[in-house]
Amino acid sequence: MKKFFVLFLVAVIALTACSKTDSDASTSDAKTVKTKVFQVAFNQSESHPQYRALVEFSDAFYEATEGRYKFDIKPNELLGDQASTIEMVQDGAIEMSMIGGPLMENFNKDFGVLCLPFIYDDTDHQEVVFTSGMLDELFASTESLGFRVAAACTAGFRSVYCDKPVYTPADLKGYKVRVMQSDTMLATLNAMGAVATAMGQGEVYTAIQQGVIEGGENNEITYNDLKHYEIAPEYTYTRHLAIPDFLIISSTAYNAMSAEDQATFDRLSKEFATTEFKLWRESIDAAKANAEANGATFYEIDNTPFREACQSVTDNLLKTDSQRALYEEIRNAAN
Ligand code: GCU
């Protein structure tokens, strides 16, 4: 059934892409430039900082390649949930997708280190780790899977929301809390006292509304964007995770570019991450204020009990020398 859905989407996208390429042909002086349009899957709205940074990326890419490339960004899970879009990128059905870091550990466990609870002190620490080049080797490791990691950007700090404030793991006893489809996230929320329940982001609102689960955990921007304050208005700053979001591109699309266009893409990918961090910082206060205006309450707590409860998750994940080395490198980059 899933395969059928993917094939159906491939057909729809192929048709759209054909017509797009023709209509986007632009004339510059003597010669006509055919624009190759990269389909980019995105699971959040057009107002999200990542969407806006992708638009800037597309404009700059179009200009720098003299019209040879641009993006068609499909927001709001139009192309499916993040897990399905990874398969579509691998198959070459679409060119790019923004995906939550925890999904990457299903391909290479070392990515799980980047998504460990309490590993980053703050967003500045995360920015150094994501943009300094220290992850280049890890990113290159996905080439054999049919895609490349172009950039890692911030998705803020994640906190728990449900129908009450939570101060210790005991408060989450018996509470089913949605997480992404990742072993590390499941282990993290279980260690925090909840009953972790994996599902795609698009199902969360209805699942809470119908009482299938009691809550979720996410950053303020997504919490606000998806109007989760309507069904889970009590948001507690547990700040247990700060996962990266990765921009991935299919190897087929990347390898089809000239060396010059690849270099442009690589340079703009780095700029994309920096822009995204900036837009993220600028967007948090407004997201929080809007959620509050719509009934949400944000609770600042001492998150030490949750931090202590999660130490076992870190100890259990760090199994190999490369994982321990990466962990040390990340921690050493903290101020
Ligand atoms: C964040 C993150 C997304 C992810 C989402 C989720 O919003 O930026 O990449 O999909 O959380 O919880 O699924």
Side-chain angles (χ1 to χ4, degrees), residues 38 40 50 53 57 61 82-83 85-87 89-90 92 95-155 180 182-185 241-277 313-335:
F38 284 174
V40 187
Q50 288 171 8
F57 188 166
F61 197 30
Q82 287 185 335
T85 66
I86 300 176
E87 284 179 35
V89 169
Q90 285 181 297
E95 285 78 15
M96 295 166 70
S97 182
M98 280 297 309
I99 60 158
L103 296 178
M104 290 291 285
E105 76 186 43
N106 300 323
F107 298 96
N108 175 346
K109 288 276 175 236
D110 289 1
F111 276 92
V113 179
L114 302 179
C115 305
L116 280 172
F118 300 101
I119 190 167
Y120 306 102
D121 287 358
D122 51 33
T123 308
D124 289 350
H125 176 204
Q126 204 184 38
E127 186 164 7
V128 171
V129 174
F130 293 177
T131 61
S132 64
M134 75 166 75
L135 303 176
D136 285 355
E137 209 178 308
L138 180 64
F139 290 175
S141 72
T142 64
E143 190 67 51
S144 59
L145 300 164
F147 61 86
R148 306 169 65 95
V149 176
C153 48
T154 190
M180 297 171 70
S182 127
D183 290 345
T184 305
M185 285 188 87
L241 284 171
I243 60 162
D245 275 339
F246 296 116
L247 179 63
I248 62 168
I249 176 166
S250 89
S251 301
T252 315
Y254 186 83
N255 294 333
M257 287 192 264
S258 68
E260 188 197 343
D261 289 342
Q262 285 178 347
T264 303
F265 182 87
D266 293 346
R267 174 175 60 78
L268 294 176
S269 296
K270 291 195 167 45
E271 285 180 23
F272 161 75
T274 305
T275 303
E276 193 271 348
F277 266 94
V313 179
T314 300
D315 296 344
N316 289 338
L317 189 108
L318 299 177
K319 290 205 171 74
T320 65
D321 286 347
S322 67
Q323 288 162 358
R324 280 186 285 269
L326 181 57
Y327 179 81
E328 286 308 320
E329 210 178 342
I330 294 175
R331 286 306 311 152
N332 288 340
N335 287 324

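All values below were derived from every heavy atom in this structure, side-chain atoms included, with hydrogens, water molecules and symmetry-related copies excluded. Each residue takes its place number in the sequence, starting with 1.
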- Item | Donor-acceptor under 3.5 Å (Tyr120 side chain, Leu114 main chain) | yes
- Would you say Glu95's side chain and Val89's backbone share a donor-acceptor pair under 3.5 angstrom? no
- Message: Do Met98 and Cys153 have side chains that approach each other closer than 4.5 Å (heavy atoms only, starting at C-beta)?
- Response: yes
- Task: Supply the atom-to-atom distance Ser132 OG to Met134 CE, rounded to the nearest 0.5 angstrom.
- Result: 4.0 Å
- Note on the structure: Looking only at heavy atoms, the pair that brings Thr275 and Ala53 closest together is CG2-CB, 4.2 Å
- How long is the gap from CG on Leu135 to CG on Leu326, to the nearest 0.5 Å? 6.5 Å
- Query: Looking only at heavy atoms, which two atoms of Ala151 and Ser269 are closest? And how far apart?
  - Reply: CB-O, 3.6 Å
- Item | Minimum-distance pair of heavy atoms, taken over all atoms of Thr131 and Ala273 | CG2-CB, 4.1 Å
- Minimum heavy-atom distance between Gly101 and Ile243, given as atom pair plus value: N-CD1, 4.4 Å
- Step-by-step side chain to side chain contact (heavy atoms under 4.5 Å, CB included) determination, Met257 to Ile249: CA-CA 12 Å; Met257 287 192 264; Ile249 176 166; 4.1 Å; yes
- Taking Thr142 for its side chain and Leu145 for its backbone only, find out whether a donor-acceptor pair lies under 3.5 Å. no
- Message: Quick check against the 3.5 Å criterion: does Asn106 have a side-chain atom that pairs as donor or acceptor with the backbone of Leu103?
- Response: yes
- Would you check if the side chain of Glu105 reaches a backbone N or O of Thr184 as a donor-acceptor pair within less than 3.5 Å? yes
- Message: To the closest 0.5 Å, what do you measure between CZ (Arg267) and CZ (Phe61)?
- Response: 10.0 Å
- Taking atom CG of Leu247 and atom CD of Gln50, what is their separation to the nearest 0.5 Å? 9.0 Å
- Pairwise distance NE2(His125) to OG1(Thr123) - rounded to 0.5 angstrom: 11.0 Å
- Message: If the condition is ring-ring contact (aromatic ring centres under 6.0 Å, His included), which residues does Phe277 pass it with, not counting sequence neighbours?
- Response: none
- Could you verify whether a donor N or O on one side chain and an acceptor N or O on the other, from Thr154 and Gln126, lie under 3.5 Å apart? yes
- Task: For side chain to side chain contact (heavy atoms under 4.5 Å, CB included), just list the numbers for Gln262 and Tyr254, CA-CA rounded to whole Å, side-chain angles, deciding distance to a tenth of an Å, and then say yes or no.
- Result: CA-CA 7 Å; Gln262 285 178 347; Tyr254 186 83; 3.5 Å; yes
- Query: Can you check side chain to side chain contact (heavy atoms under 4.5 Å, CB included) on Leu241 and Phe118, steps first, answer last?
  - Reply: CA-CA 6 Å; Leu241 284 171; Phe118 300 101; over 6 Å; no
- Message: Take a 6.0 Å sphere around CD of Glu328 and say whether it holds more than 12 heavy atoms from other residues, nucleotides or ligands.
- Response: yes
- Item | Candidate pair Lys109 and Thr320, rule side chain to side chain contact (heavy atoms under 4.5 Å, CB included), full reasoning | CA-CA 10 Å; Lys109 288 276 175 236; Thr320 65; over 6 Å; no
- Query: Glu143 side chain to Ser251 main-chain N or O, any donor-acceptor pair under 3.5 Å?
  - Reply: no
- Residues in side chain to side chain donor-acceptor pair (under 3.5 Å) with Asp124, at least two apart? Arg281
- Query: Side chains of Tyr327 and Asn332: donor-acceptor distance under 3.5 Å anywhere?
  - Reply: no
- If you take all heavy atoms of Gln82 and Gly100, which pair is closest and at what distance? OE1-N, 3.0 Å
- Distance col, row Met96:CE vs Ile248:CD1, nearest 0.5 angstrom, shows 9.0 Å
- Does Arg324 come within less than 4.0 Å of Asp110, counting only side-chain N to carboxylate O? no
- ring-ring contact (aromatic ring centres under 6.0 Å, His included) against Phe246, all qualifying residues, sequence neighbours excluded: Phe111, Phe139
- Message: Contact between Leu318 and Leu116 at the side-chain level, heavy atoms closer than 4.5 Å - yes or no?
- Response: yes
- Query: Taking Gln323 for the side chain and Lys319 for the main chain, is one N or O donor matched with an acceptor at less than 3.5 Å?
  - Reply: yes
- Is a side-chain N or O of Arg331 found less than 3.5 angstrom from the main chain of Ile119, in a donor-acceptor match? yes
